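Working notes for the structure below.
In the text below, chain A, chain B and the rest are named by the order of the sequence lines, each starting its count at 1. In this text, all values refer to a predicted model and were calculated from it rather than measured experimentally.
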2 protein chains.
Amino acid sequence: MTKTKRMRAAEPSGLLVDSIRACGLKVTAPRLAVLRVLDLAPHSTAERLLAMVRAELPGTSLQAVYGVLAAFTGAGIARKIEPAGSPALFERRVGDNHHHIVCTRCSAVHDVDCAVGESPCLTPSNTAGFTVRTAEVTYWGLCPDCQTATLSTLSAPAPLSNKGAR
Amino acid sequence: MTKTKRMRAAEPSGLLVDSIRACGLKVTAPRLAVLRVLDLAPHSTAERLLAMVRAELPGTSLQAVYGVLAAFTGAGIARKIEPAGSPALFERRVGDNHHHIVCTRCSAVHDVDCAVGESPCLTPSNTAGFTVRTAEVTYWGLCPDCQTATLSTLSAPAPLSNKGAR
DNA sequence: CCGTTGTTTTGAGTGGCTCAAAACAACTGT
DNA sequence: ACAGTTGTTTTGAGCCACTCAAAACAACGG
């Protein structure tokens with residue numbers, strides 16, 4: 001068994017440090033690392049983030065990443081999105097009401113600013129007595145790469161499921 | 001071990017039978033049963049559907065239900081929705097572009113017709129080159145019951161996660 | 001520098017779902 | 001009405017993404 005050494009957080013100050021400390025969380029090496037790679041690769045799974053974190057912090061555990069992400073989303077400095085059929089994805093962009101478009105073929109995800117400048121989509125017609133707090137929009141389609149790929153090869157677009165359409 | 005006997009499909013004709021046969025699927029007892037309970041309890045999990053199906057068809061297996069649901073969604077006579085943090089839910093309402101509102105406290109789900117009569121929310125501003133096929137909207141809020149419950153008891157509303165807001 | 005508080009590691013465990021082989025029933029043709 | 005073919009269901013195993021809990025350990029306040 002390899003003796004894993006835990007690492008000091010280093011960096012007495014900095015933007016990342018500040019945003020962690022600002023929400024009352026202790027500044028630790030895994031948290032700094034996760035925050036850093038979250039900027040480098042938004043819409044990443046915990047697993048993917050772990051791989052990136054380990055590049056600079058080899059002893060990091062998957063549970064640590066889950067813990068960090070839970071702390072971040074709880075504190076409001078990260079957001080968790082869960083597209084159907086995909087493991088959870090995380091991003092730092094938060095509090096600016098944007099949505100996501102997912103490629104049905106390769107699962108690539110991009111940000112989409114709220115439609116039409118307004119928020120009409122967030123005012124449903126019949127709420128059946130529900131109080132609407134938030135609305136989430138997920139667009140499904142083909143990313144540029146997969147558009148050309150499907151045109152040329154006629155390979156199956158592998159539909160994930162039937163969604164609410166139009 | 002109880003010897004489970006498989007059951008004949010019965011019912012030579014009928015609405016349920018027709019809608020199954022119409023999409024090229026064989027008519028079987030589990031399929032009829034699932035289709036029936038899907039009407040009785042929309043937005044149910046596979047597990048819940050199984051429980052209901054077993055009331056009339058005791059030997060049914062969970063995998064059968066998954067198989068039936070996969071066949072139905074594939075054939076377009078059922079729809080699968082996957083709200084964040086919830087197992088998949090199924091419903092028969094299909095092809096009419098409606099969305100869903102989920103209670104953040106008790107996970108109750110209701111249908112919501114597409115906002116504002118139009119489909120403005122389905123025309124994102126910047127698609128980053130993506131071709132939009134479908135859009136899915138999930139509203140999050142409190143159902144009538146949980147609104148009163150939270151007012152009177154001040155019990156924690158148990159937020160599921162932070163969503164795209166406004 | 002020490003103690004308290006809270007995070008990370010380590011390890012186990014769960015729910016929801018998928019895959020595969022074999023038993024078996026639905027439909028086709030006769 | 002019956003047998004063959006095709007496709008569904010049962011049975012059983014297995015996987016992924018994630019959660020829970022205890023113990024080791026580090027961050028921050030004093």
- request: Could you tell me whether B:Ala88 contacts a base, only the sugar-phosphate backbone, or nothing, with contacts defined as non-hydrogen atoms closer than 4.0 Å?
  value: sugar-phosphate
query: Does NE2 in B:His110 sit with more than 12 non-hydrogen atoms of other residues, nucleotides or ligands closer than 6.0 Å?
result: no
- request: Mind calculating the distance between NZ (B:Lys26) and C1' (C:dC24) to the nearest angstrom?
  value: 11 Å
- request: Calculate the interatomic distance between A:Glu82 atom CD and C:dC17 atom P; express it in whole Å.
  value: 13 Å
message: In this structure, how many angstroms lie between the P atom of C:dT7 and the CG atom of A:Leu32, rounded?
response: 14 Å
query: Where each residue is assigned the nucleotide of DNA chain D containing its nearest heavy atom, which of A:Pro87 and B:Gly67 is assigned the position nearer the 5′ end?
result: B:Gly67
- prompt: Hey, does B:Thr45 reach any base, or is it just sugar-phosphate, or nothing, if we go heavy atoms under 4.0 Å?
  reply: nothing
- prompt: Between the main-chain N or O of A:Gly59 and the side-chain N or O of A:Arg54, is there a donor-acceptor pair closer than 3.5 Å?
  reply: no
- prompt: Can you find a side chain N or O atom of A:Arg6 that sits less than 4.0 Å from OP1 or OP2 on D:dA27?
  reply: no
query: Could you state the interatomic distance from CG (B:Leu89) to NE2 (B:His43), rounded to the nearest 0.5 Å?
result: 7.5 Å
query: Using rotation axes that map the C1' atoms of four end pairs onto the next four (five pairs an end), what angle separates the end axes of the helix from C:dC1-D:dG30 to C:dT30-D:dA1, to 10°?
result: 40°
- prompt: Is the count of non-hydrogen atoms from other residues, nucleotides or ligands lying under 6.0 Å from A:Glu56 atom CD greater than 12?
  reply: yes
query: Under 3.5 Å, side chain of B:Glu82 to main-chain N/O of B:Ala88, donor-acceptor pair present?
result: no
- line: To the nearest angstrom, the CG-P distance between B:Leu69 and C:dC17 comes to 10 Å
field: Value in whole Å for how far the C1' atom of D:dG7 lies from CD1 of B:Ile20
entry: 14 Å
field: Rounded distance in Å - CG (B:Leu50) to P (D:dT9)
entry: 13 Å
query: What's the CD1-P distance between A:Ile81 and D:dC18, to the nearest Å?
result: 12 Å
task: Select from B:Ser86 and A:Ala29 the residue whose nearest nucleotide in DNA chain C is closer to the 5' end of that strand.
output: A:Ala29
field: N-O pairing of B:Asp111 and B:Arg92 below 4.0 Å
entry: no
query: Are any of A:Thr28's side-chain N or O atoms less than 4.0 Å away from OP1 or OP2 of C:dT8?
result: yes
- request: Pick base, sugar-phosphate or nothing for B:Ser61, based on heavy-atom distances below 4.0 Å to the nucleic acid.
  value: base
field: Donor-acceptor pair under 3.5 Å, A:Gln63 side chain vs C:dG11 base
entry: yes
query: 5'-most contact on DNA chain C: B:Tyr66 or B:Leu25, nearest heavy atom basis?
result: B:Tyr66
field: Under 3.5 Å donor-acceptor, A:Thr73 side chain and A:Ala78 backbone
entry: no
task: May I have the distance from B:Leu57 (atom CG) to C:dA25 (atom C1'), rounded to whole angstrom?
output: 13 Å
- prompt: Is A:Arg93 salt-bridged to A:Asp96, cutoff N-O under 4.0 Å?
  reply: yes
message: Looking at A:Arg31, I'd like to know whether one of its side-chain N or O atoms comes within less than 4.0 Å of OP1 or OP2 on D:dA27.
response: no
